[in-house]
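Below is one structure, written out as structure tokens; the observations come after it.
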Amino acid sequence: MPLVTTTEMFKKAYDGGYAVGAFNVNNMEIVQGITEAAREQHAPLILQVSKGARAYANHTYLVKLVEAAVIECPDIPIALHLDHGPDFETCKSCIDGGFTSVMIDASSKPFAENIAITRKVVEYAHDHGVVVEAELGSLAGVEDEVNVSAEDSSYTRPEEVEEFVSKTGCDSLAIAIGTSHGAYKFTAAQCTRNEQGVLVPPPLRFDILEEVSRRLPGFPIVLHGSSSVPQEFVKMINENGGKMPDAVGIPEEQLRKAATLSVCKINIDSDLRLAMTGSIRKYFADHPDHFDPRQYLTPARANIKAIVTHKLIDVLGCAGKA
Ligand code: G3H
Ligand code: 13P
Ligand code: ZN
């Protein structure tokens with residue numbers, strides 16, 4: 001089937017009590033690892049591209065890689081989404097250039113300005129059959145060149161969501177309930193330590209999620225910054241020349257719970273980066289004389305597939321839902 005929008009996916013996810021995984025893509029091996037997992041698990045899928053990914057790999061290459069994946073996976077619905085669109089022009093370029101979904105992220109702007117920019121993107125997108133994700137509240141962490149400190153992040157205010165959605169006409173809403181971008185989501189001071197000495201982050205604000213859902217019944221909610229930072233890959237990186245102390249993510253059981261509620265899209269990028277980096281570091285440590293990219297990218301791609309398979313089955317609950 002051709003690329004789809006997220007409308008049908010989200011309706012089924014909302015009603016079915018699961019979430020669709022949105023995974024960031026930057027090159028061929030990442031696209032292949034993700035889509036092989038989704039094809040095998042018969043799961044709906046969102047492949048998303050950031051401004052940084054477009055700058056790195058070029059819009060056309062990324063669209064063509066995703067189109068190749070669509071040909072290779074004829075039985076699952078795949079949406080191509082712009083992640084964190086910073087302005088109208090970037091959204092327009094992706095709408096004109098084959099994407100089926102865009103995010104306009106004006107969450108750092110004042111409320112009225114966020115509404116105005118989002119509304120403008122929604123009008124253009126809907127005229128072209130494309131859906132729009134918007135954001136209210138701001139997450140801590142690093143995305144592209146924007147680094148939001150924990151002090152400057154802010155939870156979504158539930159009392160704003162009805163006005164925001166009705167005035168913008170957006171199709172889904174990303175909210176801030178304590179997730180955070182990157183592999184270093186929380187400082188040690190924000191966390192406690194478990195018996196193994198691993199940092200345990202503060203729990204997600206399910207009270208905010210529930211209040212948002214009460215105010216927007218049936219409306220799809222999105223969680224960004226939802227990598228869990230698997231310690232297995234942090235260890236693999238640290239044991240093979242890397243240095244990632246105290247990298248910690250969102251516990252998977254909390255994401256699983258969010259997926260059973262109104263959260264229909266969960267964004268995962270850093271976990272795939274960790275899987276890829278750990279695999280490549282280990283490969284070079286084990287084979288210091290090798291230099292063929294096909295050799296070291298093979299276990300990297302396999303581990304991306306493995307982590308995505310785990311997410312589809314155990315975290316998102318969307319395996320078998322295509
Ligand atoms: O939230 C941001 C995503 O992880 C994409 O990261 O902007 O470095 O491509 P990026
Ligand atoms: P992570 O950094 O937690 O993977 O979040 C990715 C994300 O939200 C992309 O928009
Ligand atoms: Zn994000």
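Just so you know, ligand 1 is whichever comes first in the structure, and atom 1 is the first atom listed for that ligand. Not measured: the values here are computed from a predicted model.
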Just which atoms of ligand 2 are under 4.0 Å from any heavy atom in [X]?
| X | answer |
| --- | --- |
| Lys185 | 1 (P), 2 (O), 3 (O) |
| Ser270 | 1 (P), 2 (O), 4 (O) |
| His84 | 10 (O) |
| Ile268 | 4 (O) |

Looking only at distances, please establish whether an N/O atom of ligand 2 is found under 3.5 Å from an N/O atom of [X].
| X | value |
| --- | --- |
| His224 | yes |
| Gly225 | yes |
| Asp271 | no |

Residue part near ligand 2, for [X], under 4.0 Å between non-hydrogen atoms:
| X | result |
| --- | --- |
| Ser50 | neither |
| Ser180 | backbone |
| Asn24 | side chain |
| Asp269 | both |

Handout entry: Whether Phe284 and Tyr296 hold their rings parallel, tilted or perpendicular, with breakpoints at 30° and 60°
Key = tilted

Problem - Aromatic ring pairing His290/Tyr283, orientation class (parallel under 30°, perpendicular over 60°, tilted between) - result: tilted

Going by atom types only, do [X] and [Y] share a side-chain donor-acceptor pair under 3.5 Å?
| X | Y | answer |
| --- | --- | --- |
| His310 | Glu252 | yes |
| His128 | Glu123 | no |
| Arg54 | Ser93 | yes |
| Gln41 | Lys321 | no |
| Asp87 | Thr90 | yes |
| Ser213 | Ser262 | yes |
| Ser279 | Asn303 | yes |

Give the atom numbers and elements of ligand 1 that come within less than 4.0 Å of a heavy atom of [X].
| X | value |
| --- | --- |
| His181 | 1 (O) |
| Asp269 | 3 (C), 4 (O), 5 (C), 6 (O) |
| Asn24 | 3 (C), 5 (C) |
| His84 | 1 (O), 2 (C) |

Problem - Result of checking Glu162, Glu210, Glu159, Glu163 against Arg215 for salt bridge (Lys or Arg N to Asp or Glu O under 4.0 Å) - result: Glu162

Problem - Among Met103, Arg273, Lys51, closest by any non-hydrogen atom to atom 6 (O) of ligand 1 - result: Arg273

Problem - Side chain, backbone, both or neither: the part of Asp83 lying under 4.0 Å from ligand 1 by heavy atom - result: side chain

Practice task
Please confirm whether Ser50 comes within less than 3.5 Å of ligand 1 when only nitrogen or oxygen atoms on both sides are compared.
Solution key: yes

Handout entry: With sequence neighbours excluded, residues passing side chain to side chain donor-acceptor pair (under 3.5 Å) with His126
Key = Asp171

Completion exercise
Sequence neighbours excluded, the answer for side chain to side chain donor-acceptor pair (under 3.5 Å) partners of Thr187 is Gln190

Practice task
Report, rounded to 10°, the angle at the Zn ion (ligand 3) between the two atoms NE2 (His181) and ND1 (His224).
Solution key: 120°

